[in-house]
4 protein chains.
Amino acid sequence: MATNRKATSRSKDNLKRGAARLRSGAPEAGPETAVDTVAPGRADRRAERRAAILTAALDEFSTRGFAAARLDDVAHRAGVAKGTIYLHFDDKEALFQELVRSFLIPQVAMMEQAPVGELSSRELIERFLERFLTEIYTTRRREVLRLILTEGHRFPALAEFYYREVVARGIAAIRMVLARAVARGELSGDALVRFPQLLVAPLLMSIVWSGLFDRFAPLDIPALLRAHLDLVFGERKTT
Amino acid sequence: MATNRKATSRSKDNLKRGAARLRSGAPEAGPETAVDTVAPGRADRRAERRAAILTAALDEFSTRGFAAARLDDVAHRAGVAKGTIYLHFDDKEALFQELVRSFLIPQVAMMEQAPVGELSSRELIERFLERFLTEIYTTRRREVLRLILTEGHRFPALAEFYYREVVARGIAAIRMVLARAVARGELSGDALVRFPQLLVAPLLMSIVWSGLFDRFAPLDIPALLRAHLDLVFGERKTT
Amino acid sequence: MATNRKATSRSKDNLKRGAARLRSGAPEAGPETAVDTVAPGRADRRAERRAAILTAALDEFSTRGFAAARLDDVAHRAGVAKGTIYLHFDDKEALFQELVRSFLIPQVAMMEQAPVGELSSRELIERFLERFLTEIYTTRRREVLRLILTEGHRFPALAEFYYREVVARGIAAIRMVLARAVARGELSGDALVRFPQLLVAPLLMSIVWSGLFDRFAPLDIPALLRAHLDLVFGERKTT
Amino acid sequence: MATNRKATSRSKDNLKRGAARLRSGAPEAGPETAVDTVAPGRADRRAERRAAILTAALDEFSTRGFAAARLDDVAHRAGVAKGTIYLHFDDKEALFQELVRSFLIPQVAMMEQAPVGELSSRELIERFLERFLTEIYTTRRREVLRLILTEGHRFPALAEFYYREVVARGIAAIRMVLARAVARGELSGDALVRFPQLLVAPLLMSIVWSGLFDRFAPLDIPALLRAHLDLVFGERKTT
DNA sequence: CATGAATGAGGTTTCATTCAT
DNA sequence: AATGAATGAAACCTCATTCAT
């Protein structure tokens, strides 16, 4: 096994995928992505490795599931030795939870963003759905989200964390927007205000569907979300 | 309830027997115990055991997940020896798939039922959602459904089976109802006709939510489904 | 690896030594030693295996020490698979403690035996020391005793068990004998009555010495014990 | 394991320094700190670190046992990095042996001291026992001695070293004293002359007892040793 | 048929040792 | 010299699967 020449090599098959991966949502980009070859950064090595492990773990957990994933494979894929994982994470479970959490932080931040501007409610919701597409669905975060859906049951702490930090806040934010829409007469019934989950349900379904049926029945998610918007706000005037 | 071909098949043909068994809904019940309390039923023992194993497996797989569930526990819970499981199922994976399939058959049948009578489209959809509640959500089938959502990814054959037998047919059936609704002017846009998944999305969400967040944020699913109906067909006049 | 032919073979190199071993103090002899080939005894197999594992464990723990001993080697030596150990013992630690306890029971019983008869105190003590020689020092129990001395520190529960069941009782019993000796004028000072440990110290030393120095400085323990007796009761008249 | 080429090889001057170090009794002390408190001492740092490691190692080995002790913990406790240990000792085993040896040197020297003066034999032995108390039992050397007793079995070279340098000489010295006592009529039988080990046995027992049973059955060692003296030389006239 | 003891591959985790910085 | 991140062999333990009874 190659050991420490990460700066020059980084384990054949890992660099390409690692780079591609990080561009689309890796937990911690690392500062060198900007210039890429300035200084190796002695202490940055650590963060780099940690990120590599997390990315590899996402791969393995996503395809195999938590229990069936082997840390051996994670290590291999990350280009590190098995023991190295334990320098960064207490155990397999901690690795999983850190993985989810680290990928979640941006989402938490996203929830915070006030829907500024004087947009129509439909536009606000539209933006929201679009952001789901660009920030999650077309991203590795989709896999993390799926992990929460599929494994969350066995990680109560994680489920609670996700609920408190993302779901509860998200629901509240959406409800406010919807309430405004109703107040402004942009939305007729109060069904959505009472159950904002209905607005989000298609997003969950996208995640689930893509994981289960995409192989033989791909779904046009953007179109589905547009249709959802139509359902909620009524048929769009022009296309 | 049908319980018939037990006598004719036995060993070889697992499929038929499985089908027969699950048409009756839940394996654990065993309706024939009512009729012949006289003799234990020599060959019925087998079916009984099989059902006990399936039920136990559902328990274990649901709480632990497929990979983490131990056949030892399944056997224990079913009141049989570990080896006995292998008299009924080829291996752990087969047990899982049989479990899902057997619990699925009734659902397949359900899809078949023509939307009899001359009901309004809203009523039809209402019936559909109600049936979800009574036949699935308040049933052990909810757990099976969750198993498909959480483990289906690792069982492509199962996912495909589920898609072909349940999802595709269900989508088609729902689409027909929705198309009729549009034709009759009971539904305005064609969003749902193009994406009947939108009608089902809240059902999935119920399953997911109940598995993850019920502990600290229970959701009133019946109310949610009524709200969904309102969203789709417009606010109900009277209650 | 040979797998299941235990009934016929039992792993080449194990039978001989196993037999030899058990004759000299194995925890549970097993019923077949009497007739040896009558019936295998289906349920006796279990006890047999357990005994084999304990004996093998004694070997390995004695030569390597608890921490350094490998269960793999224990299994090998016992002629069983690694997993089999876990059918009998919870884990390595439990195996160790069971080992010590099982070998200890006879010693506990030994402590109970009243020093019957109307023997002189010297004779009583002499018998006691002799019993140490025949029951412990020339037995595998010596190794168990050494294990207690060398590993007991890391097993407080075990140390306490040993103290309460063997040491405390032994001390009390010896003290009574010594007190009687003083009362009868067979012993001059009360040093030993106050510290019966002094009577036992040479026994401990035998164990320790045999483990450390026997290779290059063997010690004649019987002679040493006779000398000890002389020291305590005064030079013997005739030899 | 080869262990003794220290004199010829090892980094520079391990032997001299080791000897110097331990003449002062406990490694942590360092006699030179008294003299040159002025400058930290460039090369003294090395000795200081070495001593710190040895002390830390004694702690860890004593509580965990050799095999279970982690060099990580030793390093931590010594306030150095793990790698530093390897700058002073070849490996874990070498560390252990050096530890024992270095603490042993003073004891070797102790054996040498002629029992000068015109003291009674009883007084001589009394002094000997007292020295055990002050120099060993109430000292960290007690732990080292216990390490020899508990781990010596797995370190034949060490056991032999200990036997030749300490035990054999000690036995011989004691025997001389005892022979003199017999010749002078201060001691009746020749039991002790033949087995001087009997005189030392209670000392070993103290070490063993303190390690195993002190928690729930502390033993008054000074009193025990006085009783031992009484046993050997007869009840003391006055107190 | 049913049992459950036995197996052993395989997984997680530890930790002595190395070595670039 | 000192560091401490990295390594990877090795140990414990689990559990799906088999098979003699």
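Letters A, B, ... mirror the listed sequences (proteins, then strands); counts begin at 1.
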Given pairs defined as Watson-Crick or G-U wobble with both distances under 3.5 Å, what dot-bracket annotation applies to DNA chain F, with ( ) intrastrand, [ ] crossing, | other strand and . unpaired? .||||||||||||||||||||
Presence of [X] side-chain N/O under 4.0 Å of [N] phosphate oxygens OP1/OP2:
X	N	value
C/H88	E/dA6	yes
C/K92	F/dC12	yes
A/R46	E/dT21	no
D/T84	F/dA2	no

At their closest point, which heavy atom of A/V80 faces which heavy atom of A/R49, and how far apart are they?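 The answer is CG1-NE, 3.5 Å.
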Of the options B/L158, B/L54, B/T55, which is the one that meets B/L99 in a side-chain contact (heavy atoms from CB on, under 4.5 Å)?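 Filter result, single survivor: B/L54.
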Rounding to a whole Å, what distance do you find between [X]:[atom1] and [N]:[atom2]?
X	N	atom1	atom2	result
A/Y86	F/dG8	OH	C1'	13 Å
B/E93	F/dT17	CD	C1'	14 Å
A/F66	E/dG11	CZ	P	14 Å
A/F89	E/dT12	CZ	P	15 Å
B/F61	F/dC15	CZ	P	13 Å
D/D90	E/dA16	CG	P	16 Å
B/I85	E/dT3	CD1	P	10 Å
B/R45	E/dA2	CZ	P	9 Å

Run the numbers on B/R154 and A/E151 for salt bridge (Lys or Arg N to Asp or Glu O under 4.0 Å), then give the verdict. CA-CA 13 Å; B/R154 268 90 77 190; A/E151 310 279 357; 3.4 Å; yes
Please check if atom CG in C/D91 has more than 12 non-hydrogen atoms from other residues, nucleotides or ligands closer than 6.0 Å.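 It does: C/D91 CG has more than 12 such atoms within range.
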Identify, residue by residue, the members of residues 69-77 of chain D with a heavy atom below 4.0 Å from DNA chain E, and return them in order of residue number, or none.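 Result for residues 69-77 of chain D: D/A69, D/R70, D/L71, sorted by number.
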Using 30° and 60° as the class boundaries, would you call the ring planes of A/F66 and A/F155 parallel, tilted or perpendicular?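 Ring orientation, 0 to 90° scale: perpendicular.
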Assuming nearest nucleotide by heavy-atom distance, tell me which of B/K82 and B/R49 is located more 5' along DNA chain E.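 On the 5' side of the pair lies B/R49.
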A/L87, nearest nucleotide to its side chain (from F/dT17, F/dA6, E/dT18):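 Between F/dT17, F/dA6, E/dT18, the one nearest the side chain of A/L87 would be F/dA6.
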What residues, two or more places apart in sequence or in another chain, satisfy ring-ring contact (aromatic ring centres under 6.0 Å, His included) together with A/F89?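 With sequence neighbours excluded, A/F89 shows a ring-ring contact (aromatic ring centres under 6.0 Å, His included) to no residue whatsoever.
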Got a donor-acceptor contact below 3.5 angstrom from the D/H153 side chain to the C/S62 backbone?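 Checked: pair present.
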If you measure from the Lys or Arg side-chain nitrogens to the Asp or Glu carboxylate oxygens, is any gap between A/E48 and A/R45 under 4.0 Å?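 The answer is yes: the pair qualifies as a salt bridge.
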Quick one: are D/L147 and D/L58 in side-chain contact, heavy atoms under 4.5 Å?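 A side-chain contact under 4.5 Å exists here.
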Between B/E98 and B/H88, is any pair of side-chain heavy atoms under 4.5 Å apart?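 No, their side chains stay 4.5 Å or more apart.
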With DNA chain F as reference, determine whether C/A68 or A/A81 sits nearer its 5' end, using the nearest nucleotide of each.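 Mapping each residue to its closest nucleotide by heavy atoms, the 5'-most match is A/A81.
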